[in-house]
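Below, chains carry the letters A, B, ... as their sequence lines are ordered, and counting in each starts from 1. Nothing here was measured: the structure is a model prediction, and the numbers come from that model.
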Number of protein chains: 2
Amino acid sequence: MARGVARHLTRLGFVSVEEFVPARGLRVDVMGLGPKGELWVIECKSSRADFQSDAKWQGYLEWCDRYFWAVDLAFPTELLPQETGLIIADPYDAEVIRMAPEDRLPAARRKVLIQKFATHAARRLQALRDPGVLGLVSP
Amino acid sequence: MARGVARHLTRLGFVSVEEFVPARGLRVDVMGLGPKGELWVIECKSSRADFQSDAKWQGYLEWCDRYFWAVDLAFPTELLPQETGLIIADPYDAEVIRMAPEDRLPAARRKVLIQKFATHAARRLQALRDPGVLGLVSP
């Protein structure tokens, strides 16, 4: 599902990474970065139970400009809070059904997050291109 | 050689990408990003002829905080301008022999470059993880 979300973000002119850590103890499923520096968090939920056991999501709101859920067609979307965005996704593609309201990040936090995003993406890229590098960095 | 440079940068706490385009018409071999947002350009030269045919390198100085050459042990390093950094590299590792002088980027340009770096790294990462995305973006 994260793959379909990433593909749709590409169509919107965004890039994205998975399993992004905006701050210690937090890990978002997908972080999207737009052409103007917009940061979107997308949390993927596979089922009602998966959503109901998530006690952390409100902690992500302050680390993005917009917050979305990504679920599949079978998900009971009435469970999801209205003031969040909604993406319907499958492994191949996705679509924004309800745009999330914007709550813009302070400039200093955006700057830190974009640098973290750059570091995250470059590390993962290097690990794929050069598995030999893995011995050089701590896990 | 770029791989050895990238490995050494990892040891220094930097991440890096290859073939980075800081501005239209420019393409640097390796762009390194440090933990404090430092941006280093490293141009790899395989031979005297390769260096002497490079008419563009001075145009890269304004897109980084520090500029380095990376060459192998056989390269005639006396050809290289003194006011640049020097890295000796092979495919497996590298070492900074002469630290480049620092000429700090203006904050606005650094911000743009770090966002471009993030976009570049995330695009390349996604293309490796999901080759199916390639049809969605222009080349």
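In this structure, chain A has heavy atoms under 4.5 Å from both the backbone and the side chain of B:I114. Heavy atoms closer than 4.5 Å to chain A are found in the side chain of B:Q126, but not in its backbone.
Contact check on A:K45 versus A:D50 returns a salt bridge, with a Lys/Arg side-chain nitrogen under 4.0 Å from an Asp/Glu carboxylate oxygen. Using a 4.0 Å cut-off between charged side-chain N and carboxylate O, A:R129 and B:E18 make a salt bridge.
Residues B:F51 and B:W57 place their aromatic rings such that the two centres sit no closer than 6.0 Å.
Among B:K116, B:Q115, B:H120, the residue making the largest number of heavy-atom pairs under 4.5 Å with chain A is B:Q115.
Scanning both residues, B:I87 and B:I42, for their nearest heavy atoms gives CD1-CG1, 4.0 Å.
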